[in-house]
Amino acid sequence: MIPRVLSVAGTDPTGGAGIHADLKSIAAAGGYGMAAVTSLVAQNTCGVRSVHTPPPAFLREQLDAVSDDVEVDAVKIGMLGDVATVETVADWLPDVLTVLDPVMVATSGDRLLPRDAEEALRGLVAQAGVVTPNIPELAVLTGLEPATTLTGAVEQARRIASPTTAVVVKAGHLSGPDAGNVWVHPDGVHHVPSPRVDTTTTHGTGCSLSSALATRLVTDAPREALAWVTRWLHGAIVHGADLHVGRGHGPVHHGWATSDPWS
């Protein structure tokens, strides 16, 4: 089957993150991508300039328009932005596979979600089947200081994992030679290692991982899905420099495995 995956996230006009990265990642993972826009973001590879958030009622209209017509196999949730947006998505969310990328804190430490919306997002974590926080976001969700080792991050992830919610710890946000991913669940922990790449083309990696994972989990068991996504994202990072996009932290190459359709 071809998984039908809905991304609920913000935009990136340069194509490296948000719904633009999600749609490319879903396609690369073998799915059919759809998108409902939570925020219109004026950004490029050098940073965010401004954010416009449409009324929550319009977001709900987008979500209803898709789910009234299309059988959605999985939902990926990204940037939500404020309390009203979080509550709108939580109220609509159907009982399907859901991967939540809790966009709260940038890897730099900059807050991307108002503090009054953090508690609402914690409630959404309980509704998600998989949560993919970066290291600072994992710290916010657990109320602890950011982990400095993979072992410490896994221990933090255990605090929010539940029988219905797995947590993916991303070693790429730590230091060291391993930039792989760890599936953390009360049933056990599974580590998929991946060599770290010395590059600046890492824009949108969190968006890309979560949306590709949502797609693969429709048809694959968690171990196989995480292994596929980790290998694919490693290749996308390696080939990101081939794109020559932007003067800042460039995007990954989502289509690296099929970049020559005539071959």
Side-chain angles (χ1 to χ4, degrees), residues 3-29 31-94 96-106 110-114 117-118 120-121 123-125 127-128 130-134 137 203-215 245-246 251-252 254:
R4 295 155 292 191
V5 183
L6 174 63
S7 165
V8 183
T11 65
D12 177 2
T14 58
I19 62 171
H20 300 76
D22 291 347
L23 293 174
K24 297 172 189 176
S25 302
I26 292 166
Y32 174 77
M34 301 168 283
V37 179
T38 60
S39 298
L40 301 171
V41 185
Q43 68 172 306
N44 56 28
T45 64
C46 298
V48 174
R49 298 186 177 186
S50 65
V51 178
H52 171 68
T53 302
F58 181 67
L59 172 59
R60 182 59 189 251
E61 287 185 37
Q62 294 180 76
L63 297 170
D64 287 340
V66 174
S67 57
D68 287 349
D69 181 46
V70 180
E71 184 175 347
V72 178
D73 298 306
V75 175
K76 174 266 167 85
I77 302 173
M79 180 179 182
L80 296 178
D82 57 27
V83 173
T85 303
V86 175
E87 292 177 343
T88 298
V89 173
D91 181 66
W92 164 85
L93 192 61
V96 299
L97 168 68
T98 300
V99 176
L100 171 63
D101 184 16
V103 180
M104 307 169 75
V105 188
D110 295 329
R111 292 269 175 167
L112 302 175
L113 186 72
E118 289 177 0
L121 192 62
L124 193 58
V125 167
Q127 291 182 252
V130 183
V131 184
T132 63
N134 62 26
E137 288 159 352
H203 181 54
T205 50
C207 306
S208 304
L209 180 145
S210 56
S211 50
L213 184 60
T215 307
V245 172
V252 303
H254 301 92

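Keep in mind that what you see is a predicted model, and the values were worked out from it rather than measured.
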inquiry  = Restricting to salt bridge (charged side-chain N to carboxylate O under 4.0 Å, His left out), what partner residues turn up for Asp82, sequence neighbours left out?
reply    = none

note = Pro56 meets the side-chain contact (heavy atoms from CB on, under 4.5 Å) criterion, sequence neighbours left out, with Ala84, Thr88

Which side-chain N or O atoms in residues 33-46 pair as donor and acceptor under 3.5 Å with protein atoms at least two apart or in another chain?
{"unit_1": "Thr38", "atom_1": "OG1", "unit_2": "Ala9", "atom_2": "O", "d": "3.2"}
{"unit_1": "Thr38", "atom_1": "OG1", "unit_2": "Gly10", "atom_2": "N", "d": "3.3"}
{"unit_1": "Thr38", "atom_1": "OG1", "unit_2": "Met79", "atom_2": "O", "d": "2.6"}
{"unit_1": "Gln43", "atom_1": "NE2", "unit_2": "Thr11", "atom_2": "O", "d": "3.1"}
{"unit_1": "Asn44", "atom_1": "OD1", "unit_2": "Cys46", "atom_2": "N", "d": "2.8"}
{"unit_1": "Asn44", "atom_1": "OD1", "unit_2": "Gly47", "atom_2": "N", "d": "3.2"}
{"unit_1": "Thr45", "atom_1": "OG1", "unit_2": "Arg247", "atom_2": "N", "d": "3.3"}
{"unit_1": "Thr45", "atom_1": "OG1", "unit_2": "Gly248", "atom_2": "N", "d": "3.0"}

message = Closer than 3.5 angstrom, by distance alone: can the side chain of Asp73 be matched with the main-chain N or O of Arg4 as a donor-acceptor pair?
response = yes

request  = For Leu93 and Val8, run side chain to side chain contact (heavy atoms under 4.5 Å, CB included): C-alpha distance rounded to whole Å, both residues' side-chain angles, the deciding distance at 0.1 Å, then the answer.
outcome  = CA-CA 10 Å; Leu93 192 61; Val8 183; over 6 Å; no

key: Val75 and Val89: CA distance, side-chain angles, deciding distance, side chain to side chain contact (heavy atoms under 4.5 Å, CB included) verdict   = CA-CA 11 Å; Val75 175; Val89 173; over 6 Å; no

inquiry  = According to side-chain contact (heavy atoms from CB on, under 4.5 Å), who are the partners of Ala17, at least two apart in sequence or on a separate chain?
reply    = Asp12, His203, Cys207

note = Between Ala214 and Leu97 the two heavy atoms that sit nearest each other are O-CD2, 3.5 Å

remark   = Across all chains, not counting sequence neighbours, the side-chain contact (heavy atoms from CB on, under 4.5 Å) partners of Glu87 are Val83

task = Please check if atom CG in Asp68 has more than 12 non-hydrogen atoms from other residues, nucleotides or ligands closer than 6.0 Å.
result = yes

inquiry  = On a heavy-atom basis, which atom in Gly81 and which in Pro114 lie closest, and how many Å separate them?
reply    = O-CD, 3.0 Å

inquiry  = So if I apply the side chain to side chain contact (heavy atoms under 4.5 Å, CB included) rule between Ser211 and each of Ile19, Thr132, Ile26, which one comes out positive?
reply    = Ile26

key: Derivation of the side chain to side chain contact (heavy atoms under 4.5 Å, CB included) call for Leu63 and Leu6   = CA-CA 9 Å; Leu63 297 170; Leu6 174 63; 4.2 Å; yes

request  = Could you tell me whether the side chain of Leu113 reaches within less than 4.5 Å of the side chain of Val103, counting heavy atoms only?
outcome  = no

Sequence neighbours excluded, every pair satisfying salt bridge (charged side-chain N to carboxylate O under 4.0 Å, His left out) that has a member inside residues 40-50 = none

